[in-house]
A.B. asks: 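Can you keep this structure in mind? I'll have questions shortly.
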Amino acid sequence: MGCVELPVPEDSPFFVKDYSEYYKGRAYHERSLNSNGGWNMTSALSFINTPEHTFSKEIRSAVLIIHGEKAHSCYFSKEAYEDMITNSKYTKNKQLMIIPGAVHTDLYDNLNIIPFDQMEKFIKKHV
């Protein structure tokens, strides 16, 4: 499957354009699964039966979740954070950081958007 070849069709969803422009453009690598046809129908089967949130309330370690506000998958981080802190006694070292205006791939390599100062502050306080 992989990303869509460039140029991405105009009628593609935004996240398809975003990922394709990243993996087929500025971050292209000949051995990258995302840059090429490395993904297939069975590549991610191990994730299908993974109940990601099942034990999140039991996480004692510090957790900093960082997500772009405009990322199509932002809902997942919000849900994961809520699951992690709701009815849990381990909430003091958990934080959800939503980066205003950022999309998913901005947090890969956009040094002007990645909140390094806030990450450092969290690590110094909780790790």
A.B. asks: Can you name the closest pair of heavy atoms from Ile65 and Val63 and give their distance?
C.D. replies: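 Nearest heavy atoms, Ile65 then Val63: CG1-CG1, 3.8 Å.
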
A.B. asks: Indicate the atoms forming the closest heavy-atom contact of Asn87 with Lys57, along with that distance.
C.D. replies: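 Closest pair (atom of Asn87, atom of Lys57, distance): O-CD, 4.3 Å.
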
A.B. asks: Should Phe116 and Leu107 be counted in the same cluster of Ile, Leu, Val, Met, Phe, Trp and Tyr side chains packed under 4.5 Å apart?
C.D. replies: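 Shared cluster, yes.
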
A.B. asks: Is there a path of hydrophobic side-chain contacts, each under 4.5 Å between heavy atoms of I, L, V, M, F, W or Y residues, that connects Ile99 with Leu111?
C.D. replies: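 Both belong to a single hydrophobic cluster.
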
A.B. asks: Salt-bridged, Lys70 to Asp106, with N to O below 4.0 Å?
C.D. replies: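 So Lys70 does not pair with Asp106 through a salt bridge.
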
A.B. asks: Can you get from Ile113 to Met119 by hopping between Ile, Leu, Val, Met, Phe, Trp and Tyr side chains that sit under 4.5 Å apart?
C.D. replies: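 Yes, Ile113 connects to Met119 through the hydrophobic network.
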
A.B. asks: Ignoring hydrogens and geometry, is there a side-chain-to-backbone donor-acceptor pair from Glu69 to Ile98 under 3.5 Å?
C.D. replies: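 Answer holds: no.
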
A.B. asks: Is a side-chain N or O of Asn93 found less than 3.5 angstrom from the main chain of Arg60, in a donor-acceptor match?
C.D. replies: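 Pair found, side chain donor or acceptor close to backbone of Arg60.
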
A.B. asks: Hey, could you give me the OH/NZ distance between Tyr19 and Lys24, rounded to the nearest 0.5 Å?
C.D. replies: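 Tyr19 OH to Lys24 NZ: 15.5 Å, rounded to 0.5 Å.
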
A.B. asks: Do any N or O atoms from the side chain of Thr86 and from the backbone of Glu82 form a donor-acceptor pair under 3.5 angstrom?
C.D. replies: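 Yes: the side chain of Thr86 pairs with the backbone of Glu82.
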
A.B. asks: Grab the two heavy atoms, one from Ser73 and one from His104, that are nearest each other, plus how far apart they are.
C.D. replies: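 It is OG-ND1, 3.5 Å.
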
A.B. asks: For Tyr90 and Ile59, work out which heavy atoms get closest and say how close.
C.D. replies: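 Smallest interatomic distance, heavy atoms only, reads CB-O, 3.4 Å.
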
A.B. asks: For the ring pair Tyr23 and Tyr28, is the centre-to-centre distance below 6.0 Å?
C.D. replies: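 Ring centres of Tyr28 and Tyr23 not closer than 6.0 Å.
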
A.B. asks: Decide whether Ser56 and Asp83 meet the rule of one side-chain donor and one side-chain acceptor closer than 3.5 Å.
C.D. replies: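 The answer is no; no qualifying pair exists.
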
A.B. asks: Search all heavy atoms of Val127 against all heavy atoms of Ala62 and return the closest pair with its distance.
C.D. replies: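 Closest heavy-atom pair between Val127 and Ala62: CG2-CB, 4.3 Å.
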
A.B. asks: Is the number of heavy atoms from other residues, nucleotides or ligands within 6.0 Å of NZ (Lys17) greater than 12?
C.D. replies: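 Atom NZ in Lys17 is packed in, count exceeds 12.
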
A.B. asks: Considering non-hydrogen atoms only, spot the tightest contact between Met84 and Ser88 and give its length.
C.D. replies: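 Answer, listing the atom of Met84 first, then Ser88: O-CB, 3.2 Å.
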
A.B. asks: Look at the rings of Phe15 and His72 and say which category their plane angle falls in: under 30° parallel, 30 to 60° tilted, over 60° perpendicular.
C.D. replies: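 Rings of Phe15 and His72: parallel, as their planes differ by under 30°.
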
A.B. asks: Would Ile114 and Met97 show up in the same hydrophobic cluster when neighbours are defined by side-chain heavy atoms closer than 4.5 Å?
C.D. replies: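 Hydrophobic grouping puts Ile114 with Met97.
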
A.B. asks: If hydrophobic clusters are built from ILVMFWY residues whose side chains come within less than 4.5 Å, do Phe122 and Leu96 share one?
C.D. replies: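 Phe122 does not cluster with Leu96.
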
A.B. asks: Once you round to the nearest 0.5 Å, how far does NZ of Lys92 lie from NZ of Lys125?
C.D. replies: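 The NZ atom of Lys92 sits 10.0 Å away from the NZ atom of Lys125.
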
A.B. asks: Rounded at 0.5 Å granularity, tell me how far NE2 in His126 sits from CD in Gln95.
C.D. replies: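 It is 6.5 Å, given to the nearest 0.5 Å.
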
A.B. asks: Where the side chain of Ser12 meets the backbone of Pro9, is there a donor-acceptor pair that is under 3.5 Å apart?
C.D. replies: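 Flag set: sc Ser12 to bb Pro9 pair under 3.5 Å.
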
